[in-house]
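Below: one structure, written as structure tokens.
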Amino acid sequence: MPELPEVETVRSGLAATVVGRTVVAVRVTGPRTVRRQPVRRFAARLTGRRVTAVGRHGKYLLVGTDRGTLVIHLRMTGRLALVDGPQAPRAPHTHAILTLDDGRELRFVDPRTFGELFFCLPGEPLLGQVTGRLGPDALVDELGPEVLGPLVVRRRTTLKGLLLDQRVIAGVGNIYADEICFAAGLRPDRRTESLRPDEVVRLSAALAAVMERAVAAGGSSLGDGSYRDLFDSPGAFQVEHAVYGRAGEPCRVCGTAVAGTRVAGRSAHYCPRCQS
DNA sequence: AGACAAGCCTGTACGC
DNA sequence: TGCGTACAGGCTTGTC
């Protein structure tokens, strides 16, 4: 399930491979894949556009062109595949195909069809309506204790609920919320208003450290709808997971069995001894 | 066979 | 009353 580190891996892959390329054809076959605008309008706007940059805000991929932005959200099971040409075997659940001017194809594959694509012309409010709801990016933006502190204390929720709220911090999903809590030594069900200043300092450091390590490892490929990058390679961070998906297994630090529970309506994993 | 997993949106209920 | 938060439901389908 792609979260910030997985989306960032796709972003850097696209930046290295499709910047400067022009989209010469657009085919959308999935009926739900483009749902914020008519498919014909989407295709007409995107066709002929040259990619100038590839950005990201939280889990949203922002493909900049010479006129407008292609916005991609992978949600749970969405995947982008860059293939050499139309002869490449087509994965099941391929819902959109962008043909590039060098013959390669950028394909959007998504079994559960939660993911989506849309295209915003310059100055169109749609882009701002989406990204404007997002808080600072968990990787790119500075989230030192002085920034994080007010965000944390002002809310009355659980730490995990806070980390998952894209309006507060953009990019953290269920896996990394648990890993950040472990790295900070804080339980996911801790009330945010109870966090002391020194704990906010630990949280801030853990957020940056986990995001940076996960991006360096190319993200996590684990379980449901297992993530793959542009070239179908898995990430490597799952082997470093301290708690996520490890309920009942020994904590890598103290050996205590990792606890599995539910927090903020989500599965949650933590070490009862290392985290408070 | 049916519960479950996920991200995000929407609607509604609730507490301070 | 109003605000922020909590929770459930919807969307989907492969996996257990």
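In what follows, every chain begins at residue 1, and chains take the letters A, B, ... in the order their sequences are listed.
Note: CD (Gln166(A)) to P (dC9(B)) measures 9 Å, nearest angstrom. Taking atom CD of residue Glu6(A) and atom P of nucleotide dA6(B), one finds them 14 Å apart after rounding to whole Å. As rounded to whole Å, 13 Å separates atom P of dC9(B) from atom CG of Leu164(A). For the pair Asp178(A) CG and dA6(B) P, the interatomic distance rounds to 9 Å; values are reported in whole Å. Separating the CD atom of Glu3(A) from the P atom of dA5(B) is a distance of 15 Å, rounded to the nearest angstrom. Rounding to whole angstrom units, CZ of residue Phe114(A) and C1' of dC11(C) are separated by 5 Å. In this structure, Ile169(A) places its CD1 atom 16 Å from C1' of dG7(B), rounding to the nearest Å. As a whole-Å value, the separation of Tyr60(A) OH from dG7(B) C1' is 9 Å.
Nearer the 5' end of DNA chain B, as judged by each residue's closest nucleotide, is the contact made by Ser267(A), out of Ser267(A) and Val130(A).
Phosphate proximity of dT12(C) to Arg32(A): present, with a side-chain N or O under 4.0 Å from OP1 or OP2. Arg75(A) has no side-chain polar atom (N or O) that falls below the 4.0 Å cut-off from OP1 or OP2 of dC9(B). Of the side-chain N and O atoms in Arg133(A), one or more sit less than 4.0 angstrom from OP1 or OP2 of dT10(B). Distances shown here put a side-chain N or O of Arg155(A) below 4.0 Å from the OP1 or OP2 atom of dT5(C). At dA6(C), one or more side-chain N or O atoms of Arg191(A) fall inside 4.0 Å of OP1 or OP2 (strictly under the cut-off). Neither OP1 nor OP2 of dA6(B) sits under 4.0 Å from any side-chain N or O of Thr77(A). Contact annotation: Thr157(A) reaches the phosphate of dA6(C) (side-chain N/O to OP1 or OP2, under 4.0 Å).
When all heavy atoms of Leu80(A) and Leu74(A) are compared, the closest pair comes out as CG-CD2, 4.3 Å.
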Quiz item: Can you list the steps and then say if Glu240(A) with Arg213(A) is a salt bridge (charged side-chain N to carboxylate O under 4.0 Å, His left out)?
Solution: CA-CA 9 Å; Glu240(A) 295 183 49; Arg213(A) 280 167 40 216; 3.6 Å; yes
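Of the candidate nucleotides dC8(B), dG14(C), dA6(B), dG14(C) has the atom nearest to the side chain of His93(A). Closest to the side chain of Lys59(A), from the set dG7(B), dA6(B), dC11(C), is dG7(B).
In this structure, Gly173(A) reaches the sugar-phosphate backbone alone: every heavy-atom distance under 4.0 Å involves primed, P, OP1 or OP2 atoms, never a base. Within 4.0 Å of Tyr244(A), counting heavy atoms only, lie sugar-phosphate atoms of the nucleic acid but no base atom.
We find that Arg32(A) and Glu116(A) are not joined by a salt bridge, their nearest charged nitrogen and carboxylate oxygen being 4.0 Å or further apart.
From Leu46(A), atom CG reaches atom OG1 of Thr65(A) across 7.5 Å, with rounding to the nearest 0.5 Å.
No side-chain heavy atom of Leu186(A) sits less than 4.5 Å from a side-chain heavy atom of Gln275(A).
Note that Arg45(A) lies outside the cation-pi zone of Phe119(A), set by a 6.0 Å cut-off to the ring centre and a 45° limit from the axis.
No N or O donor and acceptor, one from the side chain of Arg156(A) and one from the base of dA6(C), sit under 3.5 Å apart.
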